[in-house]
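Shown next, in C-alpha cells, is the structure this report addresses.
Just so we're on the same page: letters track the sequence lines, and every chain starts at 1.
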Amino acid sequence: MDDWIECVFPEEDASCFSLSELMHVSGLEREEIVALVDFGILAPEGAEDAWLFSMESILVARTGERLKQGFELSPAGLALALTYLRRIEALEAQLQALGCQLLE
Amino acid sequence: MKYKDYYQILGIERDASPEDTKRAYRRLARKYHPDVSKEADAEERFKEVGEAYEVLKDPEKRAAYNELGRYRAGQEFRPPPDWGSRAGHDFGGRQADFSDFFAEIFGGRSAGQGFAARGQDFEATVEIALEQALHATETTLHFDMPQRDKHSGNVRRPPREIKVRIPRGATDGQKLRVPGKGGKGMNGAPDGDLYLRIVLRPHPLFKPSGHDLYLEVPVAPWEAALGASIEVPTLEGRARIKIHPGAKAGQRLRLAGKGLPKSGHGHGDLYAVLQVVSPAVLNEREKSLFEALAKTSAFNPRRHFGGG
C-alpha cells in the first residue's frame, strides 16, 4: 500500500487561501495581516475584500506569528521585523554563493 | 506527572515582580527565539520559556501554579486535592503548543467541556544528500504526537511514523507545508499541519547555492599556463572542461545544466572554480626546470606594485 505523503514545494503549489483561512492557519489577527499587505510583506491576488494568498504567504505569516509572540510586536513592528528577516535571508544566500567560490 | 519549575526556567525568584518577570522573559526570548537565535536547542528552549512566561505573567495563572506547591524540576508529584476548581482555563488555539505538564494542569478539564482546539502543527527537519535531491526522495519521520485520550482527558504520546515523499528540486533550507498531517484536532476542530525544512547534507566535493553547484578544481601551474582539457566529476557522472592558457586562480567555468534540478524542469549550473596549486615537493629535474623558467621568463605578476 502506497502511504507516502506527497509534498509540494510552495512555488509549485497553486493553492489559494482567503484572509480568514490565513488568519486561522497562521494565528495572526486580521489587522496584522492587513499591515503585512500594506507594507508589502504579503502580496495577495484579487481585490481587497477577496484577497487570495499563496502557500508562501502561510510560511511567512507563521514566522510572523512566532516573532510577534516572542517579541510582543505591534503590526508595524512585525512588518519591519519580517522586512529585515527577508533581507537577512537574501544576504545569507549571497554569502553562501560567495563562500562557494572561496578557494581553500 | 513531572513538575516543571517555571521560575527556574525564567531564572527568577518566586517573589519576582511582574516587571522582573517580563524582563527575564525578554532576555531569554532574545537568546532563544528561533528566528534570531543561533543556539543549538533554540526551538525547544524557546517553547519552554514561552510557556513559563504565559503562566507567570498572568496573576491568576501564576497564583494557580503556585498553589501546586514547590517541587524540584522533573520530580513526580500530584496536584493538591482541592486544586480541581482552578483548571479549565481557555488558552484558545495555542493550547496545543504547550507541554504535557501544562495541558494536565491547565487544560485537563476543557477536553470534557467540548472545547474545540485546532490540532498542533508539527515541524521537522529533513536532511537529504545532494544525490537524493536529483530525484524524488522518500523519507520516514518519527514523531511522538500528543493525543488527548477521549475518555480520561489525559495526554498520551503514542509514537507515530509519517512517510513523506520530497519531490525533486529541493534546495538547502527550503520549507514545505503538508496540510492536515499534524496533530489531531479536538472536538471537531481541524487537524494541524506538518511543516518540513529541507537541509542538504554537506558533500565532500560540491557546494550548493540555490540550484547551482560549485566545485573547486585544482590545476597544476603548467596546466594554467599552457591550457589543458581535464575531466571533472559532476553530480551524475563526469564532464570535460577546457582550461584556456593563462587561466587564473578563482576563475569560474560554467557547466550549464549540471547543477541541481529545478522542481519544474531544467537544472541549475555547475561552476568549476579553478585553484592553481604548486607541487609541494620537487625532484632535482623538476627544480632545475622551474629555475630555468624563472631565469628565462619576463613575467612579472607584481608589476603594478611599482618599486624594484
Interface moiety of R168(B) toward chain A, non-hydrogen atoms closer than 4.5 Å: backbone
Chain A contact via P190(B) - side chain, backbone, both or neither, heavy atoms under 4.5 Å: side chain
Between V49(B) and chain A, which part of the residue has a heavy atom less than 4.5 Å away: side chain, backbone, both or neither? neither
Between Y195(B), Y53(B), F46(B), which residue shows the highest count of heavy-atom pairs closer than 4.5 Å to chain A? Y195(B)
Chain B heavy atoms under 4.5 Å from I58(A): which part of the residue, side chain, backbone, both or neither? side chain
Would you compute the distance between atom CD of E161(B) and atom OG1 of T140(B) and round it to the nearest 0.5 angstrom? 5.5 Å
Between T137(B) and Q132(B), is there a donor-acceptor pair closer than 3.5 Å when you use the side chain of the first and the backbone of the second? yes
By a 4.5 Å heavy-atom criterion (distance strictly below it), what part of E12(A) contacts chain B: side chain, backbone, both, or neither? side chain
Evaluation steps, side-chain hydrogen bond (donor to acceptor under 3.5 Å, both in side chains), between E51(B) and Y6(B): CA-CA 8 Å; E51(B) 181 178 307; Y6(B) 289 147; 2.5 Å; yes
Please identify, among K207(B), R26(B), K175(B), R177(B), the residue contributing the most non-hydrogen atom pairs under 4.5 Å to chain A. R177(B)
Do side-chain atoms of D193(B) reach the backbone of G182(B) as a donor and acceptor pair under 3.5 angstrom? no
Let me know if L103(A) has heavy atoms under 4.5 Å from chain B in its side chain, its backbone, both or neither. both
Is it the side chain or the backbone of Q275(B) that comes within 4.5 Å of chain A heavy atoms, both, or neither? both
Counting heavy-atom pairs under 4.5 Å with chain A, the top scorer among A136(B), P179(B), A170(B) is A170(B)
Mind checking whether Y271(B) and Y214(B) have parallel, tilted or perpendicular rings, split at 30° and 60°? parallel
Chain B contact via E11(A) - which portion, at a heavy-atom distance below 4.5 Å: side chain
Side chain / backbone / both / neither for E72(A) at chain B, heavy atoms under 4.5 Å: side chain
Which answer fits L196(B), side chain, backbone, both or neither, if we ask what part of it has an atom under 4.5 Å from a heavy atom of chain A? side chain
K22(B) portion near chain A, given a 4.5 angstrom heavy-atom threshold: side chain
Flag, side chain of H267(B) to backbone of G259(B), donor-acceptor distance under 3.5 Å: no
The single option from R45(B), K47(B), E39(B), R27(B) passing side chain to side chain donor-acceptor pair (under 3.5 Å) against Y32(B): R45(B)
Tell me, side chain or backbone of E123(B) under 4.5 Å from chain A's heavy atoms, or both, or neither? side chain
Does K68(A) come within less than 4.0 Å of E32(A), counting only side-chain N to carboxylate O? yes
Donor + acceptor pair across side chains of E92(A), Q96(A) (<3.5 Å): no
Contacting region of I88(A) [heavy-atom separation from chain B under 4.5 Å]: neither
Of all heavy-atom pairs between L28(A) and G64(A), which one has the smallest distance, and what is that distance? CD2-C, 4.3 Å
Chain B interface, residue from E56(A), Q101(A), R62(A), M55(A) that has the most non-hydrogen pairs under 4.5 Å: R62(A)
Ion pair E43(B)/R66(A), N-O distance below 4.0 Å: yes
F53(A) vs W51(A) aromatic rings, parallel, tilted or perpendicular, using cut-offs 30° and 60°? perpendicular
Using non-hydrogen atoms only, which part of V178(B) is less than 4.5 Å away from chain A: side chain, backbone, both, or neither? side chain
Out of S263(B), A29(B), P218(B), which one racks up the most heavy-atom pairs below 4.5 Å with chain A? S263(B)
